[in-house]
Amino acid sequence: MTAELFVQYLFAGITYGAIYAIVAIGFNIIYNATGIINFAQGEFVMLGGMISITLLPIMPLWLAITTAVMLTMVFGALLEICFIRWLENPSVLRMIIITIGLSILTREAALHIWGESIRSLPYFIGDEVMTVALFGARISPQVLWVIGACGLMVIGLNIFFQTTSVGREMRACAANRRAALLCGINTRNMVTLSFMLSAGIGALAGCVMSPITSTQYDIGTGLAIKGFTVAILGGLGNAMAAVGAGLLLGILEAFSVSVLPLAFKDAIAIAILLLILFFRPHGLFGSRTAAGLKEF
Amino acid sequence: MALLEISRLHKKFGGLHAVNDVSFGVAQGSIKAVIGPNGAGKTTLFNLIAGSLAATSGRVRFNGEDIQGQKPHQIAACGIGRTFQNIKLFHDMTALENVMVGRHLRSRAGFVASMLHMPWTLKEEKQIREKSLELLELLEIDAYADVEATSLAFGQQRAVEFARALALEPTLLLLDEPAAGLNMQETAEVSKLIARIRDLGITVLLVEHDMSLVMEISDEIVVLSFGQKLAEDVPSAIQNNTEVIKVYLGE
Amino acid sequence: MKKLFPLAVLATLIIAIQLITGWTDTRFYLTQLTMSAYYALLIIGLCVVMGYAGQLSLGHAGFFAIGGYVSAALTTRNLEGLKDTVLIRLFDGLGLLVAGQDIYGDSLLVVTPWAACLAAVLCAGVIAWVLGIPVLKLKGHYLAMATLGFGIIIYRIVLASEVFGEADGISDVPSFPLLPGLSVSGDFGAREENYYIAWGLLIIGLVLLRNLVDSRVGRALRSIHGSEEAAEATGVDTARFKLQVFVISAVYAAVAGVFLTHYNGGIGPSEAGVMKSVRYVAIVAVGGMAHLWGAMVMGIVLNFLSLRGVFGSYDDAVFGFILIAIMLFAPNGILSWNWRGYGAMLLRRGRRRESLREKTDGLA
Amino acid sequence: MTIKRHGRKIALWAVMVLAITGMLLPASLYAAQTYKIGAILAVTGPASFLGGPEARTLEMLVDQTNAAGGINGQKIELIIKDSGGNPEKAISFAKQLIEEEKVLAVIGPSTSGETMKIKKIFEQAGTTLISCAAAEVIVNPVAQYVFKTPQKDSFAAQKIFQTMKAMGISKIAVLAGNTGFGKAGKAQLLKIAPEMGIEVVATEVYDKQSKDLSAVVAKIKANKDVQAVVNWSIVPAQAIVAKNMRQAGWDVPLFQSHGFGNIKYVEAAGAAAEGIIFPCGRLLVADQLPDGHPQKALLVDYIAGYEKKYQETASAFGGYAYDAFIILEAAMEKAGMDPAKIRDEIEKIQNLPGTSGVFSFSPQDHNGLDIDSFEMITVKDGKFVPYKGM
Amino acid sequence: MLKIRNLQSGYGKLKVLKNVSMHVAKGEIVTIIGANGAGKTTLLSTISGLLRATAGDILFEGQNLSALPPQKIPPLGCVLVPEGRQIFASLSVEENLILGGHPLKKTGKKELLRQLERQYALFPILKERRDQYAGTLSGGEQQMLAMGRALMSKPTLIMMDEPSTGLAPLIVQDIFKVIVKMRDEGKTVLLVEQNAQTALQVADRGYVLETGKVVLQGKAHELLEDVEVKRAYLGKDYGDFYDGKS
């Protein structure tokens, strides 16, 4: 493998890894606040892309994206308020099935609103063939947009969780919901907020990736599965470990192309998921003791 | 030789020594109680014996056989039955069905035989039912046989759990706080019941907070504190043990 | 006798439907009823795993596809080129192979349907067994994801393998002669017999599961659902029982897959899709999780409607909606809920509690 | 077990009986006074990009025909069934349309897999099926009652190779999607290449949902022998291949299959689409055809009608359904409501212009198109133009 | 200050509290003792809103708490130090304390910092460990953190659920010293304990709970001597037991 090819694979991997990581962080935020895996997470990404594309003809790009992110956040909040909030002590099975149902309904609604056609946002800078040379490889500037936006989101989230009081309260809910209630924190609002937050970052990821990957009503499912794989890989609930795991999976997938037929690329991710589930369910980076600490 | 022998049992959770170097034996046909303040490691000890937890080190011998590290169902098959501190009945099943599950080890119909309803499985089924009803009668809850178990009153649920454990025909019965949440009257009934179980030839090991119950029925008492064995003696001697009084009652 | 009553009703109904359709010249309904019966076979198998043993499986379409695809591949794959290898000769000697002609008139050597069917079911059973050992140790989300992952892998394999026809699936699967004069095929002339084959199979499957649920093993399975820890303490080898019931339901799914594939004369990758697995779960949920009859009836009704295209372009949306509505408002299933009527149920509960209290007070 | 329990079971049965008898009643109550035709199309699901335009085209045509007085003075009744790309549904619908609705003929399905599964049913029932799917195996060997409208893959492959030879290309890489379309196309390319003296030095199959193929492009680019790339699929990945190739700074000629015949893909690929060469029917370059061309009027008319009605660009896929409809219409005009005759009349059709080409059927040819139905087309300034050599 | 009238509560079908009535006056330490399963924790959970009362009233300074959601109760000045500490293990010690000051949010940051310093003064060990993860503290330190966290919101009534659980006797003494100190600073304390002896020694008054009912109440020192307590709570042989006779 030449150095050039190596870098090319690496960038392809990082681009995808960054997107997987964002989806996985979305999973983790909701999981931490509620203990629910939101199977509709991928749909947020789809909605972000679809709404911004729809808005583009009537407003500038940045405004379309902002509005799309906002609307998706509202959608996320509505999902939580209408379907999750009022259930008392639902079983895990029930929650899994409900979020799967929500994912299907969202997808089907998108199909009937936007049709089956494939759309995309224009490239933020330059056009489809413009590239920048990096270490001998040629990269579309949009790739840098994706990586940059994902990086910024991760940093932003970190700042939010570590330094703001709302972020601290959300972490408290994740660590011990009962105790958070006893401190006077409205945990239900925190849950709604977690849905909004993960809808928002999902939508933003959906916007920046749209020029590269296009958006269609059914892209959510595939992304959700990859995102979940990454979330497990990093250790469920460990939002920032998802970044490492996402990049790892993305790069692994990119390089797998050089040895295996492309059609098996997705099967690889899922095989990894199964192996992790069987042998290291607490994740690659998470440790058993840290997981234990959480429930102390 | 004692029926159950625990030697140098050790269990660590992270940095916490929940059970620390505990050894004692339970003689065949006796009632032995484990007492100690909250957090002393009594339930952990129970879970180690019953196989729900694996010990960090140490040995549990039952009938001369090393059972440490075996799965709970294997330990149950050796003849150790148990009840739980916070009653664990099978929901969506009647009281009778709960007890019938207890006969699991005393019956043998497998998947194929069950699917085909072989004549002998029907006969076996009938025996399971009769035996289970007998146990419900013994515990005086046969009137609720067809009531969903989890909708019964607290004391009755406890009785169903007892019956389920007895259906196993165990040689050793582990009772985790059998009198928790019961009033004086009910506690007295439980104590009679435990004595009756012993008279059936079943050895009993129990964890209990209710001192009156423990003092009344136990042949021997083990006191745990911070995972360690503090004392092991007959009730009267435990009552006189100043160290026990200090730890257990605070000053 | 009491147990036979509902079965007798069912049998009467099956015969009645056939007679009525024959009489009113609407025999075409039997086509979808036959197909629905096969799907219902899978669904009752899933019902026992989900409702009784409490283990969610989001990958059951995978087992259906294994059954269908293996049987289809074996009965259509031409072994003519391998004729001289030892293995093929051995198979031929055992009567497992049958010669024929393909559509272009070339000579064809394929596995007989019986052998293919057995191989397919065995294959599904073994895969379920190997998969079940690690997967069934998982719980909650992990279990859901692992089974979903399995389903997706099967889907991917089917799509990427030349043997399985990639995106086109396998066509021209021959009919499956069960007995002389009785074969599983989609020919217009064989409709009545196939209707009875499918329903006969479903009834046998239902009786077997009914027996299973109503036995020592069934109680053990329900106890696992109730409290795995207590079940273990009562001596139930939960790991083994979960595994065995998982394998049995995989076998049910595979049998359904084999028969439907021969009936349809082919199979496509959509049968392995995630939406199919989700749909099966939805049907079991509507039927009332631990309710074999409910699952079967809903399996028939919903598949029948779907196969007739009643839901049009909203097919998937309908099942998504069903999932949410059921889980939000009637997690115990629509049938048990509807029939009793909430009021009646509350009344009865109230009375029961009161009588209990009297008894309890008497004791104290 | 008490009566209560029995009661529950009886109630379950009541639900089922009601549901089924409810279904049993309404059908076959109308007398057939219209030309009743069926369509099985993948309007939703993974093949909806085919079925969607096809269904819309048919609806539009039926409306137009009925507005113009129908066929022989009778209206057309169209029943569209959405199979979602599921073969088992296609099978169920096929039987339903044939027996229950007693349709004269069926248009569709959209995919080859579905068509192959229901072929036998139509043969047995003696009802005509006009498939909108591409695979050659549908009409080769000829099945009595089965026709198809899209051009044969082999012609497309030949057309591409002819162009390559003119350009002096002899070593190529083949990329294909993992759909039925991609699979069949890849097979034809590999089969015909040696006959035309062209060597395939690399092949890759990718998932139809792929969103980024830069890794695979990098992989084949590493093979310095490759003089041109042929990509054979029907999904957005076509645009992605183009983008990734150009982004990688690789400017060997890129050939696509006739699946590229949708301006959306050109838009999706943007500047990267420039110079792509592919064979396609003349739908895409209808406005540039000479006025006397037999297809011109019809194409311009169809495109204008479709785009006006649905606010989206017409594609070759909708055209497949268009052709199926006009073939059926022509046959029904002659055969009337006799389903057996319709088939015979289709076989007699000669020189019928359609969107994909000019159809001339025969008992040996149930596709009715020849290699000239394809035109080599290229993309210039974001528009399709006929390819005239370099 | 706190008045409970005919309170009933439980988990689903299981009714735990049956007509419990009691009161706590300002500035006193009241203890509730009783065996496992008597309903002590259920009582505190119901007061703090974690469980919904099925009947009866909880009046805190004249306001009925029984209809309020749990997060609305601490701002009124009524906080619970839950059983088993329930600290935020994956957050730092200081963050835990700041979260305890959540009800002060409206009064501003200055007040929050002042309270933080107060707790550090009360529990110097917490200051030492302020940047550690709370999960890494020892049992006694965690109990202090839980108490400090509760005190952050300047409550008037502190409810403590079994603060001595799993702690060594020496540390239990420290904890109880703090409880007395809190009372001396004007706070009211409602203390649930299994360790009756110790609890009654620090308390002003006590209630004995048995299977969800108040069976005895009175001055702490009276209860300490009461044979009935010994019978009800420690068993009928308790008298002999405690006096060391055989």
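Here is how names work: the chains are called A, B, and so on, in the same order as the sequence lines, proteins then strands, and each is numbered from 1.
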*Around D/K191, counting heavy atoms of other residues, nucleotides and ligands shown, do more than 12 lie under 6.0 Å from its NZ?*
no
Okay, C/Y39 and chain D: the region with an atom under 4.5 Å from a heavy atom over there is side chain
Note: vs chain D, highest number of non-hydrogen pairs under 4.5 angstrom among C/S171, C/G312, C/G265, C/G266 is C/S171
Turns out that what part of D/A184 lies under 4.5 Å from chain C's heavy atoms comes down to neither
Honestly, the part of C/L260 sitting under 4.5 Å from a heavy atom of chain D is neither
Honestly, the part of C/T31 sitting under 4.5 Å from a heavy atom of chain D is side chain
Are C/D187 and D/Q124 side-chain neighbours, meaning at least one heavy-atom pair lies under 4.5 Å? yes
Heavy-atom nearest pair, C/G165 first then D/K183, reads O-NZ, 3.3 Å
Q.
Can a donor-acceptor pair be found, under 3.5 Å and without considering hydrogens, that links the side chain of D/K95 to the backbone of C/G186?
A. yes
Of all heavy-atom pairs linking D/S92 and C/M35, the shortest is CB-SD, 4.1 Å
The interface call for D/S112 against chain C, heavy-atom contacts under 4.5 Å, is both
(Q) How about CZ on C/F311, more than 12 heavy atoms from neighbouring residues, nucleotides or ligands closer than 6.0 Å, or not? (A) yes
Q) Is the shortest heavy-atom distance from the side chain of D/M116 to the side chain of C/D168 under 4.5 Å? A) no
The interface call for C/S306 against chain D, heavy-atom contacts under 4.5 Å, is both
Assert top hit (heavy-atom pairs under 4.5 Å, partner chain C, pool D/P46, D/G45, D/G113) equals D/G113
Rounded to the nearest 0.5 Å, the NZ atom of D/K102 sits from the CZ atom of C/F28 at a distance of 6.0 Å
When every non-hydrogen atom of C/F188 is compared with those of D/A125, the smallest separation belongs to CE1-CB, 3.6 Å
query: So do C/Q32 and D/Q96 actually touch side chain to side chain, heavy atoms under 4.5 Å?
result: yes
Pair count under 4.5 Å, heavy atoms only, with chain D: among C/I267, C/D316, C/V173, highest is C/I267
Under a 4.5 Å heavy-atom criterion, the part of residues 80-91 of chain D in contact with chain C comprises D/K81, D/D82, D/G85, D/N86, D/P87, D/E88, D/K89, D/I91
